[in-house]
2 protein chains.
Amino acid sequence: MLKYKSLYHSLKKEIQQGTFIPGDLLPSENELCDQHQITRTTARKALDELQREGFIERLHGKGSQVRERRKSLGLLNVKGFSEAVGQQVDAIMLQAPDYRGWSDRIQFPVKENEQSASCIHFERLRCVNEEPVMLENNWFASTALPNFCQLGFVDGSFFKTLSQCFFIEIVGSEQEIRAEVASSEVARLLRILPGDPVLHISICFSTSHSSLTIYSELYCNTTQYPIGNSYHL
Amino acid sequence: MLKYKSLYHSLKKEIQQGTFIPGDLLPSENELCDQHQITRTTARKALDELQREGFIERLHGKGSQVRERRKSLGLLNVKGFSEAVGQQVDAIMLQAPDYRGWSDRIQFPVKENEQSASCIHFERLRCVNEEPVMLENNWFASTALPNFCQLGFVDGSFFKTLSQCFFIEIVGSEQEIRAEVASSEVARLLRILPGDPVLHISICFSTSHSSLTIYSELYCNTTQYPIGNSYHL
DNA sequence: TAGTGGTCTAGACCACGCC
DNA sequence: GCGTGGTCTAGACCACTAG
């Protein structure tokens, strides 16, 4: 293993596990050099990567500070849906994680090696001010996440659970976005009329665990809260 | 000016101007060191940045190759709309660039210092297989782009024109996405029925020129061609 | 003033591509 | 075999923060 990658993974894991929490300062670059028998160039390369991925912020004269991770990932982001609408969001679990077959509602083609695995599915309704704004369905192969159905969600967040319980991070996504008319089922849950326009977002998340892909189908009522995101170089 | 930034800007400008075109190899790292009296560490820092921004690709054992720039920028990307729908796209100019007032159709607040400047607007219709799929409206302050209305578009691309004629790059964006019912005007142009669902995307692009912000309002018929994008760490 | 991160130098060895 | 990019070392000086 390359030295800078080794340090990078070691620091990232400590952040994910909570050894360092947001606001903490990591060991200084010189301390890291001593601890790992490397030069500053190598230590900085690891820190550069953590910085780009949003895990830390470098403060000139102070140190490297752990941040809330909120890098944008396409439409949504690693922190999840609440930032995309910019409001406090409650989640109601309509269907707790359970073993189901792969659904034909999934818009992206399910990878062949995953089709043979059993599939975990859960469905949530996201509300802002008690008003339902998004219906969320997720599917993924159960092989990568043993005992997932027995676990609770960390802070109600699926991504946080992946990170803190399984050390799995989202590393990429593909999305398709459509404006559709609401089906009677979607309309009932979002408390709108069948035929009203809804935003339909299909996402295929790739993760740091090669055998885990997450398929999501989201239906949003955007009349009150449009989906927002931003990007900066 | 820092040495690595100076080299970075110099190489980027040569790529934008066409001194190096996609497929070309930049001077090797050692050549850059000789030419600019710097060490490889410094040269590599400049190249690292160009690589992250998608201008070049590093080929181990070969060199640094200039790429078509296609980094994703939120929903759309710097190459523009054609990649988002993944098809060949024709553009019909409905309203050529002209001086107009700032429109109240712009969803993002126009910056105060821009409100007093005169505003250039143009409107295009994007078609796939002769079918209209997106109506595009753009507004921006004329101060940053003298003579813009007299210029033609490079390869029919607004972003390419900004880069090659003004050396201005898109560096960030904010977006809001909504599913709406089509107004009679939008429906007529997209050849759908008033009341059909359309995807409404509002974008505010920030650029490398501090006094230029681009405001876009897009209306998409996503029945045939959903808007796609992907993101990778 | 001591410690931190930001920049830069002048080397070294390696793996990869191509001839 | 030679040149390329990828990794790494062991220093140096600077600007910034904080006690």
Side-chain angles (χ1 to χ4, degrees), chain A residues 1-15 19-69 71 171 208 232-233, chain B residues 1-12 14-15 19-69 71 171 232-233:
Chain A
M1 174 75 95
L2 297 174
K3 292 188 176 182
Y4 79 91
K5 282 194 182 170
S6 159
L7 174 58
Y8 160 79
H9 282 113
S10 136
L11 288 172
K12 190 170 79 169
K13 193 153 188 169
E14 288 186 299
I15 293 171
T19 309
F20 300 110
I21 61 170
D24 283 358
L25 292 179
L26 295 184
S28 77
E29 298 181 354
N30 284 316
E31 285 171 340
L32 290 173
C33 294
D34 293 345
Q35 291 169 14
H36 297 81
Q37 301 297 309
I38 54 178
T39 53
R40 262 188 80 204
T41 312
T42 306
R44 281 182 63 77
K45 189 157 183 180
L47 293 171
D48 283 347
E49 191 58 29
L50 290 172
Q51 180 176 37
R52 270 193 293 278
E53 293 178 6
F55 285 100
I56 63 169
E57 184 175 5
R58 312 283 265 295
L59 304 173
H60 194 168
K62 274 190 76 178
S64 298
Q65 189 171 43
V66 176
R67 297 197 342 168
E68 277 292 340
R69 193 154 174 262
K71 230 182 145 51
V171 297
S208 53
H232 291 280
L233 227 55
Chain B
M1 174 73 96
L2 297 174
K3 292 187 174 181
Y4 80 91
K5 282 194 181 169
S6 159
L7 175 57
Y8 160 80
H9 282 113
S10 138
L11 288 173
K12 190 171 81 168
E14 288 185 299
I15 293 172
T19 310
F20 300 110
I21 61 169
D24 284 359
L25 292 179
L26 295 184
S28 76
E29 298 180 355
N30 285 315
E31 285 171 339
L32 291 173
C33 293
D34 293 345
Q35 291 169 14
H36 296 80
Q37 301 298 307
I38 55 178
T39 53
R40 262 188 79 203
T41 312
T42 307
R44 281 181 63 77
K45 189 157 182 179
L47 293 171
D48 283 346
E49 191 56 30
L50 290 172
Q51 180 177 37
R52 269 193 293 278
E53 293 178 6
F55 286 100
I56 63 169
E57 183 176 5
R58 313 282 264 298
L59 304 173
H60 195 168
K62 273 189 81 176
S64 298
Q65 189 172 42
V66 176
R67 297 197 341 169
E68 277 292 341
R69 194 153 174 264
K71 227 180 145 52
V171 297
H232 291 280
L233 226 56

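Letters A, B, ... mirror the listed sequences (proteins, then strands); counts begin at 1.
Closest of all the heavy-atom pairs between B:Cys33 and B:Thr39 is SG-C, 3.5 Å.
In this structure, B:Leu59 reaches the sugar-phosphate backbone alone: every heavy-atom distance under 4.0 Å involves primed, P, OP1 or OP2 atoms, never a base.
Legend: residues meeting salt bridge (Lys or Arg N to Asp or Glu O under 4.0 Å) with B:Asp48, ordered by chain and number and at least two apart, are B:Arg58. For A:Asn30, the side-chain contact (heavy atoms from CB on, under 4.5 Å) partners are A:Ser28, A:Arg40, not counting sequence neighbours. By the side-chain contact (heavy atoms from CB on, under 4.5 Å) test, A:Lys3 pairs with A:Ile38, A:Thr42, sequence neighbours left out.
DNA chain D is contacted by A:Gln37, A:Ile38, A:Thr39, A:Arg40 of residues 26-40 of chain A, taking any non-hydrogen atom closer than 4.0 Å.
Taking 4.0 Å as the cutoff to heavy atoms of chain B, we find the contact window on DNA chain D bounded by D:dG3 to D:dT7.
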### Message
Between A:Asp34 and A:Glu31, is the side chain to side chain contact (heavy atoms under 4.5 Å, CB included) condition met? List the steps.
### Response
CA-CA 5 Å; A:Asp34 293 345; A:Glu31 285 171 340; 5.7 Å; no
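In this structure, OG in A:Ser6 is found 6.5 Å from NE2 in A:His36, a value given to the nearest 0.5 Å. Going from atom OG1 of B:Thr19 over to atom CG of B:Leu26 covers 10.5 Å, rounded to the nearest 0.5 Å. With rounding to the nearest 0.5 angstrom, the CG atom of A:Leu2 is 10.5 Å from the NE2 atom of A:His9.
Rounded to 10°, the helix from C:dT1-D:dA18 to C:dC18-D:dG1 has 10° between the axis fitted to its first five pairs and the one fitted to its last five.
Side-chain contact check for A:Gln35 versus A:Leu32: some heavy-atom pair is nearer than 4.5 Å. Residues A:Pro27 and A:Phe20 meet the side-chain proximity criterion, which asks for heavy atoms closer than 4.5 Å.
Nearest-nucleotide positions on DNA chain C place A:Ser64 closer to the 5' end than the other of A:Thr41 and A:Ser64.
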